[in-house]
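As the structure is a prediction and not an experimental result, all values here were calculated from the model. All values below come from the heavy atoms of this structure, side chains included, with hydrogens, waters and symmetry mates left out.
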Amino acid sequence: MSMTARLPWLPSVLTRRRQLVSELRAATAARDARRVRRLLDPDVAVVVDAGEGDRAKVRVVRGVEDAALLLAYGLGDRQGREVVERPVNGRPGLLLQRDGKPTATIAVDVTAGMVSVVWVRLDGTVLRRGNAVLPV
């Protein structure tokens, strides 16, 4: 039995998640904090993992206002930087690139049709390995 036969609601959930990720990318590219706020759950958290190896540095930003400003500024269009929609851990997400090299992955959790948690991973070493195509 296929996954969608067992879980008939799954395609609509994945479609909504893709739609939210796309809307988030567009709103942040325009640096439109107001549009970003409308996509966020009132209890949203942005978790930023900026560590490499043993020096993990995790910061959490909570609340719509702070999260919207962080996302609009952090993901907004800049010269040499591009945010593209890419799967992250098998789910719709974003990849931040600078001059064609990955600098961050962004995974998005959705609750009740709104962005509830944004996971940002900044580890350059891990991202370089994660973006490689391995031989079969």
Any idea which heavy atoms bring Thr111 and Asp41 closest together, and the distance? O-OD1, 4.3 Å

Can you tell me if CZ on Arg81 sees more than 12 non-hydrogen neighbours from other groups inside 6.0 Å? yes

Kindly work out whether a path of hydrophobic side-chain contacts (I/L/V/M/F/W/Y, heavy atoms less than 4.5 Å apart) joins Val117 to Met114. no

Is Val118 reachable from Leu69 through a run of hydrophobic residues whose side-chain heavy atoms are each under 4.5 Å from the next? no

Nearest-0.5 Å distance that lies between atom CD in Glu85 and atom CG in Leu94: 6.5 Å

Identify the heavy atoms of Ala68 and Leu40 that sit nearest to each other, and give their distance. N-CD1, 3.8 Å

My understanding is that only one of Val120, Val21, Leu95 makes a side-chain contact (heavy atoms from CB on, under 4.5 Å) with Ile106; could you say which? Val120

Does Gly113 offer a backbone N or O that forms a donor-acceptor pair with the side chain of Arg16 under 3.5 Å? yes

Is there a path of hydrophobic side-chain contacts, each under 4.5 Å between heavy atoms of I/L/V/M/F/W/Y residues, joining Val88 to Val47? no

CG of Asn89 to CZ of Arg121: how many Å apart, nearest 0.5 Å? 10.5 Å

Return yes if some donor-acceptor pair links the side-chain N/O of Thr28 with the main-chain N/O of Leu24 below 3.5 Å, else return no. yes

Which heavy atom of Val83 sits nearest to which heavy atom of Arg25, and what is that distance? O-CD, 3.4 Å

Would you tell me whether Thr103 and Gln97 have side-chain atoms, one donor and one acceptor, within less than 3.5 Å of each other? no

Any sub-3.5 Å donor-acceptor pair from Arg17's side-chain atoms to Val108's backbone N or O? yes

List the atom of Ala45, the atom of Arg62, and the distance in Å for their closest heavy-atom pair. CB-NH1, 3.8 Å

Hey, could you give me the CD/CG distance between Glu82 and Leu96, rounded to the nearest 0.5 Å? 9.5 Å

Checking Val61 now: which residues fulfil side chain to side chain contact (heavy atoms under 4.5 Å, CB included) with it, not counting sequence neighbours? Val46, Asp66, Leu70

What distance separates Asp32 CG from Leu71 CG, expressed to the nearest 0.5 Å? 12.5 Å

If the condition is side chain to side chain donor-acceptor pair (under 3.5 Å), which residues does Asp109 pass it with, not counting sequence neighbours? Trp119

Please find the pair of heavy atoms, one from Ala26 and one from Arg35, that lie closest to each other, and give the distance. CB-NH2, 3.2 Å

To the nearest 0.5 Å, what is the distance between OG on Ser116 and CG on Leu39? 12.5 Å

